[in-house]
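One structure below.
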Amino acid sequence: MDEYKAEIEAGELSVGQARMAQEALRSRVRVEALEEARVQRVTGVDASYAGGSAYAAVVTLDYTTQQVVEWASASAAITFPYIPGLLSFREAPAILLALARLERLPDVLIVDGHGLAHPRRFGIACHLGVLLDLPSIGCAKSLLIGEAADLEAEAGSRAEVRQGEELLGLALRTRQRVKPVYISVGHRVDLESAAHIVLACCRGQRLPEPARLAHQMANSCARQGEAGVMTRQDPPQ
DNA sequence: GCGACAG
DNA sequence: ATCTTGTCGC
């Protein structure tokens, strides 16, 4: 049942096909508790752009010690425009390459972007989680859809993100007096598990450490042309 | 038609 | 996301 997977990895879908792929794949998302005892490794996922290419970085931390275990990066030529709601078709090709370079896949991904808090309930966190059948959490810095009530100033305070009657995610204050992050289910987690894991990874900073490090690494890779790390899809000139 | 709109 | 340095504050 891996229709679309090859095309997604190769960045070959049209805008219309991309929306259809989301509609087709959304039913595969599973919402279930992720036992903390089963989480030993957490990987932060992010991408940056430069010179017509997307640079993805993935950083795996030990969940208990929050120490970096391994990391990887990859680049891919950009083949898809940025369209709100279709972010994954722009970033997933490079991200999937980077994840494939890890020695071990983690127990859960923390993705820079939304999961179910998406127009078709299939944001990039769902997309990556379903394609890899790996637990994943969406952790975005702003809302794509839905609304959240104001939250208290203390770290750990939360407010539901909802669209009408539908609960889509949580606005989560990960640090005192900073803007909240928006958590949503990607795949094989539930909202409570997701919020708990994210909070456990925020060592006094707004973004969970794996995501923060992935963001830094993606930026430096983009600036340095990935520092000599090359990809079949994006060969050196 | 108008405004909103992850990264 | 990106174009871009220093700077104010905890």
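Naming: A, B, ... by sequence-line order, numbering from 1 per chain. Being a predicted model, the structure only gives us computed values, none of them experimental.
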side-chain N/O A/Asn219 vs C/dA1 OP1/OP2, d < 4.0 Å
no

With a 6.0 Å cut-off (strictly less than), is the heavy-atom count around CD of A/Gln163, excluding the residue itself, greater than 12?
yes

Check whether any side-chain N or O of A/Ser142 sits under 4.0 Å from OP1 or OP2 of B/dC5, and answer yes or no.
no

What are the two closest non-hydrogen atoms of A/Ala72 and A/Ala98, and how far apart are they?
CB-O, 3.5 Å

Heavy atoms only, 4.0 Å cut-off, all strands: where does A/Gly85 land among base, sugar-phosphate and nothing?
base

Residue whose closest nucleotide on DNA chain C lies nearer the 5' end, A/Arg175 versus A/Ala50:
A/Ala50

Are A/Ile137 and A/Leu132 connected into the same hydrophobic cluster when the rule is that any two of I, L, V, M, F, W, Y join if their side-chain heavy atoms are below 4.5 Å apart?
yes

Rounded to the Å, how far apart are A/Leu172 CG and B/dA6 P?
20 Å

Please report the distance, rounded to the nearest Å, between CG in A/Leu116 and P in B/dA6.
17 Å

Nucleotide B/dG7, atom P - distance to CG of A/Leu86 in whole Å:
15 Å

Can we say A/Arg212 and A/Asp46 salt-bridge, meaning some charged N sits less than 4.0 Å from an Asp/Glu carboxylate O?
no

Assign A/Tyr82 to base, sugar-phosphate, or nothing according to its heavy-atom contacts below 4.0 angstrom with the strands shown.
base

Rounding to an integer number of Å, can you tell me how far A/Leu207 CG sits from B/dG7 P?
10 Å

From CG of A/Leu87 over to P of B/dC5, roughly how many Å is that when rounded to an integer?
15 Å

If you compare every side-chain N and O of A/Lys141 against the phosphate oxygens of B/dG7 (OP1, OP2), does one of them come in below 4.0 Å?
yes

Heavy atoms only, 4.0 Å cut-off, all strands: where does A/Leu143 land among base, sugar-phosphate and nothing?
sugar-phosphate

Hydrogens and angles aside, do A/Ser157 and A/Glu154 bring a side-chain donor and acceptor to less than 3.5 Å of each other?
no

Quick one: A/Asp46 CG to B/dG7 P, roughly how many Å, whole number?
9 Å

A/Arg177 or A/Ala47, whichever maps to the more 5' nucleotide of DNA chain C
A/Ala47

Atom CD of A/Gln22 and atom P of B/dA6 are separated, to the nearest Å, by 14 Å

Nearest whole Å is fine: how far is C/dA1 P from A/Leu144 CG?
15 Å

What's A/Ile95 touching, base or sugar-phosphate or nothing? Going by heavy atoms closer than 4.0 Å.
nothing

